[in-house]
Amino acid sequence: MAAPKKGRSASAQSKPGRSLALILIAIVALTGGMFASGHTTPRLGIDLAGGTSITLKAKADQGSAVNKANMDTAVEIMNRRVNGLGVSEAEVQTQGTDNIIVNIPRGTNSKEAQQQVGTTAKLYFRPVLASEPSGAAASPSPSGSPTAGSSPKPGSSSSPSASSSQKASSPSSSASSSSSTSPTSSATTQGRAVTDALKAGSSPSPSATPTGGSSPKPTPSASSGTDTAKLQAAYTALDCSKPDQRAKAGKDAKPGESTIACGTVGKNPYKYLLGPAGVDGTEVKKAQAVFDTQGASGWQVQMTFNSAGAKKFADITGELAKNQAPQNEFGIVLDGEVVSSPYVSLAITGGSAYISGHFTQQEAQSLANMLSYGALPLSFQEQSVTTVTAALGGQQLHAGLLAGAIGLALVVLYLVVYYRGLSLVAMASLLVSAILTYVIMSLLGPAIHFALNLPAVCGAIVAIGITADSFIVYFERIRDEIREGRSLRPAVERAWPRARRTVLVSDFVSFLAAAVLFIVTVGKVQGFAFTLGLTTVLDVVVVFLFTKPLMTLLARRKFFGNGHKWSGLDPKSLGGKPPLRRTRRPAGPAAGPVDPKEA
């Protein structure tokens, strides 16, 4: 019975280098990945880096449900809003099932941020009166200046076709770029084209009388001459390549009035002059991205309107189909941004339509999400707004690191005084655990958007005690074996099974507490729970792959193996019994009972 145990013990003692090599390779690989990714420091949370943190709670509104799909779509829309502020490193993420946390670092105006992310998204379908490239994308035409009515070619991914149940006719038959407003060589003619479009205003037709002789219906968008001149000047001056102008274009525009807006065609900024809203986004009952398996259009977005939206959509597409480009297009406007501007080749009836035109799957799904969000809006109630300056965040980080350094120094001092030479093993294990924790936190920043906040720093400080406790349990088991009279090498191996069981039970309880805390809480408390859970798992890895193999190697050295008084394993100072020695067992019936320890 004893022989197999002896064999396993000998095997465990003879190959500790494998475990040490394994953890060394893991450290080198993770560190290399950290430097290769360029993220050599953990990402800091709002409370440490400074900035504004807004907590929003979702509420079911207008028949919509608070579910994962709607929450993910809301996060996508809010991301666009925050990016419109020109803020880098902004974060929008869900917390729990009905909370959204918006973190905008480094002192962004909190009031503007609240206005951008705290209101329900507004989606409208507006007729396009004029459009053209903006900023650097606006290249001069051969005659001197771009036309106010120029637009991307119909059928492209940025200006796809809209149709009811059948494919739209070819671009050349539905709309022709060459038949739109002709290019001019002067800003005067360009301004006249814009003015004509505004005068037509209520009708998507480029002239006062659309094709077919019917006169346009009057709408609330009829503008005075002063309003027309202001809108014309705003359209002419708009530069959508500049983030500040892009964010303000069309801001607070009323649905019944003409407005200006920015969009993107391919990768180039475009500016638009838009008529009054013809259809509200809440009238889209359903939108989804589908792949056209029977044609060449590829990915497309299918829309279904409710009864009111179906009638409005049929009316506006009937008018748009009579016009030439770009005034046969309608702009899908989300929060003042034109996300798509498909052209119309025929009146769309029946309450359903699709948008096609060389979409990728991601583009089609993104547009479908935006349309669905207009149909299923969620209201958000502001729960809290926390603004932290960068200076205050730096002070908090300094205080947290100072507290951690003091805690670590006290632990090291205790280990040196009480364990002497064994303290080197403990400090080396703590160093390995710290390296792994730092590298993994740095990698988790870009991977899962983990941010090191003040509660997370507290979790790391608490983890110092948990990690040191695992080493102390093992050291005390070894000392118990030495007190029983065993030498260090067998004491290391005999103490390990009992210490291992205690360490696993202790770490399991800590990890379970961290997991429960992470699940049932939201906000910054999750940072504490996550860090505590991560360091608890790393504690098990370090104890098994570093501390135990290192003790096996040190037991072979005279300083520790012979129980030097400064090693922390001196049998005399520990009150150990005389060394146990094997004696030859008497043969025959005269043999008395055998001491189990000797056996």
Side-chain angles (χ1 to χ4, degrees), residues 16 19-20 23 27 400-441 455-483 488 491-518 527-555 560 567-569 573-574:
S19 299
L20 293 175
I23 196 169
I27 291 175
L401 295 178
L402 180 61
I406 293 174
L408 181 60
L410 291 175
V411 170
V412 171
L413 180 63
Y414 170 79
L415 292 173
V416 171
V417 172
Y418 193 75
Y419 288 106
R420 300 184 181 182
L422 284 178
S423 64
L424 297 176
V425 179
M427 286 187 286
S429 300
L430 283 172
L431 179 61
V432 171
S433 180
I435 292 174
L436 286 174
T437 302
Y438 181 87
V439 171
I440 291 176
M441 284 184 176
V457 174
C458 295
I461 295 173
V462 172
I464 295 174
I466 295 176
T467 305
D469 182 62
S470 300
F471 308 149
I472 291 173
V473 168
Y474 186 30
F475 294 162
E476 287 301 324
R477 293 297 188 186
I478 296 174
R479 285 184 160 198
D480 287 343
E481 295 295 330
I482 293 176
R483 290 187 184 100
L488 181 58
V492 167
E493 302 304 325
R494 289 178 64 89
W496 174 243
R498 290 190 296 169
R500 176 181 60 198
R501 184 166 53 250
T502 305
V503 168
L504 288 176
V505 171
S506 176
D507 283 345
F508 175 76
V509 172
S510 297
F511 182 80
L512 184 63
V516 171
L517 191 63
F518 184 84
F528 173 84
F530 182 86
T531 306
L532 183 61
L534 174 65
T535 51
T536 300
V537 172
L538 291 179
D539 175 42
V540 175
V541 173
V542 172
V543 169
F544 274 71
L545 297 182
F546 185 80
T547 308
K548 165 57 175 60
L550 184 60
M551 281 302 304
T552 300
L553 290 177
L554 293 179
F560 288 95
S567 67
L569 299 170
S573 62
L574 294 175

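Throughout, residue positions are numbered sequentially from 1 according to the sequence presented. Given the structure is predicted, the values throughout are model-derived calculations rather than measurements.
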With rounding to the nearest 0.5 angstrom, report the CG to CZ distance, Asp480 to Arg494. 12.0 Å
Atom pair CG (Leu408) and CG (Leu401), whose distance is rounded to the nearest 0.5 Å: 12.0 Å
Among Ile440, Val432, Asp507, which residue satisfies the side-chain contact (heavy atoms from CB on, under 4.5 Å) criterion with Leu538? Ile440
Heavy-atom pair with the smallest gap, counting every atom of Val543 and Ser470: CG2-CB, 3.8 Å
Report yes if some heavy atom in the side chain of Ile478 is under 4.5 Å from a heavy atom in the side chain of Ile482; otherwise report no. yes
Other residues, nucleotides and ligands only: do more than 12 of their heavy atoms fall within 6.0 Å of CZ on Phe511? no
Worked check of side chain to side chain contact (heavy atoms under 4.5 Å, CB included) between Phe546 and Leu431: CA-CA 11 Å; Phe546 185 80; Leu431 179 61; over 6 Å; no
Side-chain (Ser423) to main-chain (Arg420) donor-acceptor, under 3.5 angstrom: yes
Applying side chain to side chain contact (heavy atoms under 4.5 Å, CB included) to Tyr474 and Val503, what does each step give before you reach the verdict? CA-CA 8 Å; Tyr474 186 30; Val503 168; 5.7 Å; no
Using the six-membered ring wherever Trp is involved, compare the ring planes of Tyr414 and Tyr418 and label them parallel, tilted or perpendicular (cut-offs 30° and 60°). parallel
Sort out for me which residue in Val457, Leu532, Thr536 forms a side-chain contact (heavy atoms from CB on, under 4.5 Å) with Val462. Leu532
Within a strict 4.5 Å, meaning less than it, do heavy atoms of the Thr467 and Val542 side chains meet? no
Phe471 versus Leu422: any side-chain heavy-atom pair under 4.5 Å? no
Side chains of Leu554 and Leu424: does their closest heavy-atom pair fall under 4.5 Å? no
What distance separates Leu504 CG from Asp539 CG, expressed to the nearest 0.5 Å? 9.5 Å
Just how far is it from atom CE of Met441 to atom OG1 of Thr531, taken to the nearest 0.5 Å? 4.0 Å
Taking the six-membered ring for Trp, are Phe530 and Phe518 parallel (under 30°), tilted (30 to 60°) or perpendicular (over 60°)? tilted
Heavy-atom side-chain proximity of Trp496 to Glu481 below 4.5 angstrom: no
Given side chains that start at C-beta, do those of Glu493 and Met551 come closer than 4.5 Å, heavy atoms only? no
Find out whether Val439 and Ile27 are in side-chain contact, i.e. whether some heavy atom of one side chain is under 4.5 Å from a heavy atom of the other. no
Rounded distance (nearest 0.5 Å) linking atom CG of Leu488 with atom OG1 of Thr552: 9.5 Å
About how many Å separate CZ of Arg477 and CZ of Arg500, when rounded to the nearest 0.5 Å? 12.5 Å
Closest contact, heavy atoms only, Gly533 versus Ala514: N-CB, 3.7 Å
My understanding is that only one of Thr547, Leu430, Leu415 makes a side-chain contact (heavy atoms from CB on, under 4.5 Å) with Val425; could you say which? Thr547
Side chains of Val473 and Ser506: closer than 4.5 Å at any heavy-atom pair? no
Closest non-hydrogen atom pair, Ala426 against Phe475: CB-CE1, 4.0 Å
